Number of protein chains: 2
Amino acid sequence: MSDSTPTKTQQALLQTLTPVLACNPGASLSEIAKQAGIGRATLYRHFASRDALVKAVAMDAIAAFDQATAEVKVQNLNAGDALLAFLQKVIPLGDRFHFLAIEPAAYNDPEIATAYARQLQELNAFITTLKQAGFIAVDVPKAWVTTAIDSLIWSAWSAVQAGDIAPNDAAALAYRTLIQGLGPLKS
Amino acid sequence: MSDSTPTKTQQALLQTLTPVLACNPGASLSEIAKQAGIGRATLYRHFASRDALVKAVAMDAIAAFDQATAEVKVQNLNAGDALLAFLQKVIPLGDRFHFLAIEPAAYNDPEIATAYARQLQELNAFITTLKQAGFIAVDVPKAWVTTAIDSLIWSAWSAVQAGDIAPNDAAALAYRTLIQGLGPLKS
DNA sequence: CTCAAATAAGACAAAATTGTCTCAGATATC
DNA sequence: GATATCTGAGACAATTTTGTCTTATTTGAG
């Protein structure tokens, strides 16, 4: 078990801290603590440094993504249903993945970069399954499918957060955009 | 004419500085200057402060977007062709709009917020046109179309930048995802 | 109610960054 | 070649942020 496994208190803190950091990654620790409603000293009690906090938030995002993926896998759904179920689970985590993408301290960390690359590889394998099952056209570059999924997750999260679309509609809209948009061409 | 109209030298500097800032918005001015290949003193000679630089980059992004929009409009294309032409022009600017979205110093500035809201309104009007012309289904919330366009522009830019897709394919893939994905449902 | 554990405000030092200024060198113009 | 203008390195001061520590207060468990 890695020493980076968060304690129960760290876990609880991450719940509050993640949205604050995701919303304004450049904020000072004073500002972050204030918006999270805790003391700066408490931050230092549980996280050795700002970098340690950023890494914990990033690793937590990765764990949440893995959890969501595992929960979909055990359902043994067909590829299309699996995509919809996957979107339903990861869209509420949309801000965390965006944070992973834009925070240099996160994507430059070797442990996080390795985990992120693994997740990307798993997503690529899943896209292969979607193509083989005919949900995604074979002529669409896999790189495009990957980046479209990532960005539509962020879109959906943002729109829900802004109150522009209902939480229940988010996954369906993203699913429709992807499957209908990148499915086999129809004449 | 606003006093924020950039000088010729500022314009040239923005060309170099924009990608650097967009790539790492939290970098120090020392780091930014170094990566842009200029001196920190030169930055201060042309921009009064870090905030002034950030605002100049943001206003430049807005001007570039307005320019792209104007160039599409004069072509008097039908709604579908206009969307494709628009994507072709704005995808190369993808990092700038992303910067606008994630940089608090940018979106908290009233002048930039006003300009951005105007652009969003224009995009909304364009989406209405797309719906009326049957390119986008009327049942799709306008908010979803807007956010999908924004995020797919960023996706396309990222994928081109990473060398994952060819620059020529980017707009077509984004167009296909949007129009086929959000067009009227087919049975 | 008592006591142990946790928290947070604030003080402090160190480090990092911003902003100002000078001046030698580079560049552009005539 | 001379001169004006621009640039960038570096020094310096001010400000901000990080990280450490102490202590009073709060919270939670028994």
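Throughout, a chain's letter reflects where its sequence line sits, starting with A, and its residues are numbered from 1. Just so we're clear, the structure is a prediction, and the values are computed from it rather than from any experiment.
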(request) Provide, to the nearest angstrom, the distance between the NZ atom belonging to B:K8 and the P atom belonging to D:dC6. (result) 13 Å
(request) Might you work through the side-chain hydrogen bond (donor to acceptor under 3.5 Å, both in side chains) test for B:K142 and B:T128, ending with a clear yes or no? (result) CA-CA 8 Å; B:K142 199 176 287 183; B:T128 300; 2.7 Å; yes
(request) Could you verify whether a donor N or O on one side chain and an acceptor N or O on the other, from B:Q11 and B:Q15, lie under 3.5 Å apart? (result) no
(request) Using a strict 4.0 Å threshold on nitrogen-to-oxygen distance, state whether B:R118 and B:D66 make a salt bridge. (result) yes
(message) Using OP1 and OP2 only, check whether a side-chain N or O of B:H46 sits under 4.0 Å from D:dT7.
(response) yes
(message) Using a 3.5 Å distance criterion without hydrogens, assess whether the side chain of B:D60 forms a donor-acceptor pair with backbone atoms of B:A56.
(response) no
(message) Please check this pair: side chain of B:Q180 against backbone of A:Q180, looking for a donor-acceptor N/O pair closer than 3.5 Å.
(response) yes
(request) Please check if the side chain of A:S155 supplies one atom and the backbone of B:T147 the other of a donor-acceptor pair under 3.5 Å. (result) yes
(request) Check DNA chain D against residues 38-45 of chain B and give the residues with a non-hydrogen atom under 4.0 Å, in numerical order. (result) B:I38, B:G39, B:R40, B:A41, B:T42, B:R45
(message) Contact list please: residues 13-36 of chain A against DNA chain D, heavy atoms, distance less than 4.0 Å, in numerical order.
(response) A:S28, A:L29
(request) Please work out whether the ring planes of A:F65 and A:F86 are parallel, tilted or perpendicular, with thresholds of 30° and 60°. (result) perpendicular
(message) So does A:V140 get a backbone contact from the side chain of A:K131, meaning a donor-acceptor N/O pair under 3.5 Å?
(response) yes
